[in-house]
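Every chain is numbered from 1 and lettered A, B, ... according to where its sequence line falls, protein lines coming before strand lines.
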Protein chains: 2
Amino acid sequence: MGTAHGRPPEKGGGVTLAMVARRAGVSPQTVSNAINAPELLRPDTLARVRQAIDAMGYRPHRAAQTLRTKSSRLIGYGIQPVDVDRSTPVMDRFLHALSQTAEEAGHRVLLFASPPPNAPEPMDAYRELLDTYSVDGFVLSDTHRGDPRQAWLERHGVPFAAFGRPWSGRQIGDWVDVDGARGTAAAVDHLVELGHSRIGFLGWPRGSGAGDDRAGGWRDAMRRHGLTVRGRRAASEDEVTPAAAAVGPLLDSGVTAVVAASDTLAMGCYRALRERGQSPGDDVSVVGFDDSPAAALVSPSLTSVDQPMTAVGRECVRLLLARIADPSRAAENLLLTPSLVPRDSTAPPHATAPRTAAPRVPDSRATDESHSPR
Amino acid sequence: MGTAHGRPPEKGGGVTLAMVARRAGVSPQTVSNAINAPELLRPDTLARVRQAIDAMGYRPHRAAQTLRTKSSRLIGYGIQPVDVDRSTPVMDRFLHALSQTAEEAGHRVLLFASPPPNAPEPMDAYRELLDTYSVDGFVLSDTHRGDPRQAWLERHGVPFAAFGRPWSGRQIGDWVDVDGARGTAAAVDHLVELGHSRIGFLGWPRGSGAGDDRAGGWRDAMRRHGLTVRGRRAASEDEVTPAAAAVGPLLDSGVTAVVAASDTLAMGCYRALRERGQSPGDDVSVVGFDDSPAAALVSPSLTSVDQPMTAVGRECVRLLLARIADPSRAAENLLLTPSLVPRDSTAPPHATAPRTAAPRVPDSRATDESHSPR
DNA sequence: CAACGCTATTTGAACGCTCCAATCGGCAAG
DNA sequence: CTTGCCGATTGGAGCGTTCAAATAGCGTTG
C-alpha cells in the first residue's frame with residue numbers, strides 16, 4: 001500500500017526475489033518461475049506475482065543469475081587501437097547496432113581493449129574474460145589473413161561470430177561479411193549506365209582479402225559489359241598521397257571514371273585530378289567505397305559504396321546468440337549486399353574531347369589484370 | 001605435479017578458490033586474502049598460495065565477487081544513435097581510451113544503447129543497469145543544454161563523469177571538457193602569424209554551448225590582436241550546403257581566412273570557394289575543428305583543431321573511478337587543451353589584390369559581434 | 001608463569017538466484 | 001474409498017566469493 005500510488009516505483013534497488021515472494025504469498029522459486037517460465041504458473045498466481053513484481057520494482061540481480069546459471073548475458077567485443085582507421089571508418093554504426101540488437105535479446109556488449117594483432121599473447125584478454133565468466137561469447141571484427149582468433153576460440157569451444165570472412169584456409173565458425181565484389185560491380189553498372197566505358201580501378205596491392213574481392217567485382221562487371229580491363233588497374237596503400245601518385249597512369253590512359261577500393265583512395269584520385277587542373281565528377285567520375293562521413297562532406301560529394309554496418313552488427317549478434325543457444329548447430333555464413341550511394345562525383349562523361357582509344361600504358365603501377373589467376 | 005610443466009596453464013576455467021586453497025593447504029579465505037589483501041599473509045604463506053594460484057591458472061569468478069561485494073567493476077557507457085554524427089565524429093578514439101584506461105584499473109566498459117535525448121523515459125536504461133547491479137557508474141558524453149542525466153544521476157547518488165561541461169545551470173558532478181575557445185584562439189594565432197588580419201568565423205547559430213565557446217575564443221583572440229571583429233561572423237547549421245551559403249557574405253567582405261566551428265562547416269567553406277573559382281588554402285585559408293578523419297583526406301588537407309579524445313576518455317575514467325572510490329569527494333572538473341594541426345589549407349595571404357578595407361556587409365547572416373552580451 | 005596483546009589464519013554465514021527433487025492438491029480410473 | 005497420476009508449488013542445496021567474528025599461535029610483560 002505504501003508505494004501503491006500507481007506511478008513507477010522510485011527505487012528498485014535492494015528488492016530481492018524473497019521479498020517479492022513474501023509479498024505475493026508464494027515461494028521464491030515461484031517468483032523465479034513467473035519470470036523465467038511463466039507457463040508453469042496458474043494464471044491467477046502469475047498475475048498476483050507479476051503485480052507484486054512491478055509494485056516493488058523488482059529486478060533480478062544480474063550477478064546472482066550469472067553465478068547460478070554460468071551465463072553472463074554479455075557479449076565481448078575487443079575494440080582495437082584506432083591509429084589504423086583504415087579498416088574501421090564506420091565502427092560507430094557497427095557498435096551501435098551491436099548494442100541495440102544485443103539489448104533487444106536481453107544481452108549487452110562488454111567492451112575490452114583488444115591487443116594489436118602482433119601482440120605477444122593476443123588471446124590473453126579473451127582467455128581472461130572467459131575464465132572469469134565475464135562473457136558468453138565474442139564478436140570479432142577486423143579479421144585478417146592468418147588471424148589466430150577464430151581458430152583459438154573454436155579450439156576452446158567458445159562461441160563467436162566474426163565480421164569478415166576467413167580469407168584463407170578452411171572456414172571456421174559463423175561469420176557475416178559484405179559482398180565487396182557486388183559493391184564495385186554496382187559502381188561499374190552505375191557508371192556504364194551514365195555512359196562510361198573506360199573505367200579504371202584503383203585498389204590496394206594484391207594480397208588483402210577485401211581488396212582482391214573488390215577488384216574482382218570491378219573486373220567481372222567490366223567483362224560482363226564487354227569492356228576493356230587490361231591496363232586499367234592501379235594499386236596503392238590506403239593513403240591519399242600515394243594514391244594520388246598511383247592513379248596517374250590510369251588518368252593518363254584516358255579513363256573517364258575510376259572506381260576506388262576505399263574512400264581514401266578516392267580522395268587520392270580527387271587530388272590527382274585537381275593537380276592536373278581537372279575536376280572530379282565533372283571531367284572524371286569517381287566512386288569510393290565505405291561511404292565514410294567524409295564522402296558526404298567533400299566537394300563534389302563522393303559517390304560511394306555503403307556497407308550496411310547496421311545489418312552487419314545485427315547479424316553478428318544474431319549468429320552469436322544462436323551459437324550460444326545451440327553450440328552444435330551448423331555454421332552459418334552471411335554475405336550482405338552493399339548499396340551504392342550516388343552523389344555528385346559521378347556524371348555522364350564529357351561529350352567533348354574524348355580520346356577514342358586509350359594508348360597502351362606500360363607503367364609498372366598499372367598491372368595487367370589478365371595475368372592474375374582466375 | 002600434473003600440470004607442473006612450467007608453461008602457462010592450458011585451461012583455467014572451473015578452478016575455484018576452494019580448489020586452490022586445498023592445494024596450497026590453507027583455507028579459502030586465506031587465498032582470498034592473498035589476492036585482495038596480501039599484506040595480511042606471512043610471506044611464506046603468500047608465496048605458497050601464489051604459486052598454487054598460477055599453477056592452477058586460477059581466476060576469481062567475477063559474478064561471485066559482484067554478488068558478494070555489490071561492485072561489478074563495470075562502467076556503463078550509453079552509445080547514442082549515430083544518424084547525427086555531428087557531435088560524435090571521433091568517438092572511436094574516445095571509446096578506445098575509455099576501455100584502455102578502465103582496463104588498466106581493473107574495470108571494463110559496458111556498452112548499452114542509450115535512448116535518444118527526447119525519448120519518453122530517457123533514464124530507464126540507466127535505472128535498469130543500476131537496479132540489476134550491472135554497473136558501478138556511468139560515463140556520459142554528448143551532453144547538451146538541459147540534459148536531464150546529470151541531475152538524475154546525482155539525485156540517485158550514482159557516480160558518473162561527463163564528457164562535456166554543463167553549459168547551463170549549476171555545476172553538477174565531475175566533468176571533462178575540451179577548451180574550445182583555446183582551440184579557435186590557437187587557430188587565430190596561427191593565421192595571424194601567417195600574416196592574416198581579416199579573419200572570419202563560421203559557426204553554428206547562437207545557443208549551443210560548444211559553439212558559443214568556440215566563437216568566443218575567436219572573438220577574444222581577434223581583439224587581443226587588435227583585429228576587426230564586426231561583420232566577420234556567420235552562422236549555419238552543421239551541414240555542408242547551408243554552410244557554403246552562409247559563408248558567402250564573409251568571403252564577400254574580403255576575409256583572407258576563415259575559422260570554422262567544425263570540419264563540416266570548413267567543408268562548406270571549401271565548396272563556396274570552389275564555386276567562386278577560388279581555391280582553399282591558396283586564396284583563402286581555412287581552419288576546421290575536430291580533426292575528423294576527413295580533414296586529412298581532403299585536398300588541400302584541412303588545418304584543424306584536434307580534440308584530445310584519448311586524454312578525455314582517460315580522464316573521464318579517472319574521475320569516475322575516483323568518485324566511486326570516494327562518493328563524498330569534491331567534484332573535479334577538467335578543461336583540456338586542444339591542439340592545432342597545421343595542414344595545407346592555411347598559408348600566408350596572397351600578396352596580390354588584397355582589398356585594404358572590407359566594405360560593410362549589411363547581410364542578415366553576418367551578425368554584428370559587438371551586440372552580443374559581454 | 002599466567003595473563004595479555006598482537007598477528008596470522010580459520011570458521012561460519014550470507015550475497016540472490018536457479019536447479020533438483022520432493023510435496024501438495026485435485027481429479028479420473030479402478 | 002483407494003490408487004495413480006498430473007500439474008502447480010515448495011524446500012533445500014549450492015553456485016564462488018568475501019565479510020565478520022572467532023580461534024590458534026606466539027612472543028611480551030608484570
Strand contacts (DNA chain C) in residues 46-53 of chain B, 4.0 angstrom heavy-atom criterion = none
remark   = Whole-Å distance, B:Arg62 CZ to D:dG16 C1', equals 14 Å
Whole-Å distance separating the OH atom of A:Tyr58 from the C1' atom of C:dC17 = 7 Å
Please list each protein N or O that sits under 3.5 Å from an N or O in nucleotides 11-14 of chain C, with the distance.
| residue | atom | partner | partner atom | Å |
| --- | --- | --- | --- | --- |
| C:dA14 | N3 | B:Arg68 | NH1 | 3.1 |

note = Separation between OG (B:Ser114) and CD1 (B:Ile79), nearest 0.5 Å, reads 9.5 Å
request  = Ignoring hydrogens and angles, tell me if any N or O in the side chain of A:Arg323 forms a donor-acceptor pair with the backbone of A:Arg329 under 3.5 Å.
outcome  = yes
inquiry  = Apply side chain to side chain donor-acceptor pair (under 3.5 Å) to residues A:Ser134 and A:Thr132 and explain how you reach the verdict.
reply    = CA-CA 5 Å; A:Ser134 294; A:Thr132 59; 2.7 Å; yes
Pairwise distance NE2(B:His61) to CG(A:Leu67) - rounded to 0.5 angstrom = 5.5 Å
ask   = How about A:His107 and A:Leu74: do any of their side-chain heavy atoms sit closer than 4.5 Å?
value = no
query = Rounded to the nearest Å, what distance is computed from the NE2 atom of residue A:His61 to the C1' atom of nucleotide C:dT18?
reply = 15 Å
B:Asn33 vs C:dT9: side-chain N/O to OP1/OP2 distance below 4.0 Å = no
Could you list all N or O pairs between the protein and nucleotides 4-8 of chain C that sit under 3.5 Å apart?
| residue | atom | partner | partner atom | Å |
| --- | --- | --- | --- | --- |
| C:dA8 | O3' | B:Arg42 | NE | 3.4 |

Please list, pair by pair, any protein nitrogen or oxygen found under 3.5 Å from a nitrogen or oxygen in nucleotides 21-26 of chain D.
none

key: Candidate pair B:Phe138 and B:Tyr77, rule ring-ring contact (aromatic ring centres under 6.0 Å, His included), full reasoning   = CA-CA 6 Å; B:Phe138 294 94; B:Tyr77 176 76; over 10 Å; no
request  = Find the distance A:Leu67:CG to C:dC19:P and express it as a whole number of Å.
outcome  = 12 Å
message = If I take atom CG in residue A:Asn36 and atom C1' in nucleotide D:dA8, what distance separates them, rounded to the nearest angstrom?
response = 17 Å
ask   = Please walk me through it: do A:Arg62 and B:Tyr133 pass side chain to side chain donor-acceptor pair (under 3.5 Å)?
value = CA-CA 7 Å; A:Arg62 258 334 217 300; B:Tyr133 296 88; over 6 Å; no
message = Check whether A:Asp136 reaches the backbone of A:Ser71 with its side chain - one donor and one acceptor, N or O, closer than 3.5 Å.
response = no
request  = Evaluate whether atom CD of B:Gln51 has more than 12 neighbouring non-hydrogen atoms of other residues, nucleotides or ligands under 6.0 angstrom away.
outcome  = no
ask   = Is the shortest heavy-atom distance from the side chain of A:Val26 to the side chain of A:Arg48 under 4.5 Å?
value = yes
task = Answer yes when B:Glu154 and B:Arg149 have at least one side-chain N-carboxylate O distance shorter than 4.0 Å, and no when they do not.
result = no
Give every donor-acceptor pair under 3.5 Å between a side-chain atom in residues 314-322 of chain A and any protein atom, sequence neighbours left out.
| residue | atom | partner | partner atom | Å |
| --- | --- | --- | --- | --- |
| A:Glu315 | OE1 | A:Arg318 | NE | 2.7 |
| A:Glu315 | OE1 | A:Arg318 | NH2 | 2.9 |
| A:Arg318 | NH2 | A:Glu332 | OE2 | 3.3 |

task = Carefully, step by step, assess B:Phe163 and B:Phe94 under the rule ring-ring contact (aromatic ring centres under 6.0 Å, His included).
result = CA-CA 10 Å; B:Phe163 169 25; B:Phe94 178 66; 5.4 Å; yes
B:Glu128, CD atom: more than 12 neighbouring heavy atoms under 6.0 Å = yes
inquiry  = Closer than 3.5 angstrom, by distance alone: can the side chain of A:Asp177 be matched with the main-chain N or O of A:Arg165 as a donor-acceptor pair?
reply    = yes
note = Overall bend of the helix from C:dC1-D:dG30 to C:dG30-D:dC1 (five pairs an end, 10° steps) is 70°
request  = Specify the separation, in whole Å, of atom CD of A:Gln65 and atom C1' of D:dG14.
outcome  = 16 Å
query = B:Phe160 versus B:Ile172: any side-chain heavy-atom pair under 4.5 Å?
reply = yes
ask   = Does C:dC17 have OP1 or OP2 sitting under 4.0 Å from an N or O in the side chain of B:Tyr133?
value = no
ask   = Whole Å only: how far is the CG atom of A:Leu17 from the P atom of C:dC19?
value = 12 Å
Distance below 4.0 Å between B:Lys70 side-chain N/O and D:dT18 OP1 or OP2 = no
key: Value in whole Å for how far the P atom of D:dG16 lies from CE of B:Met19   = 7 Å
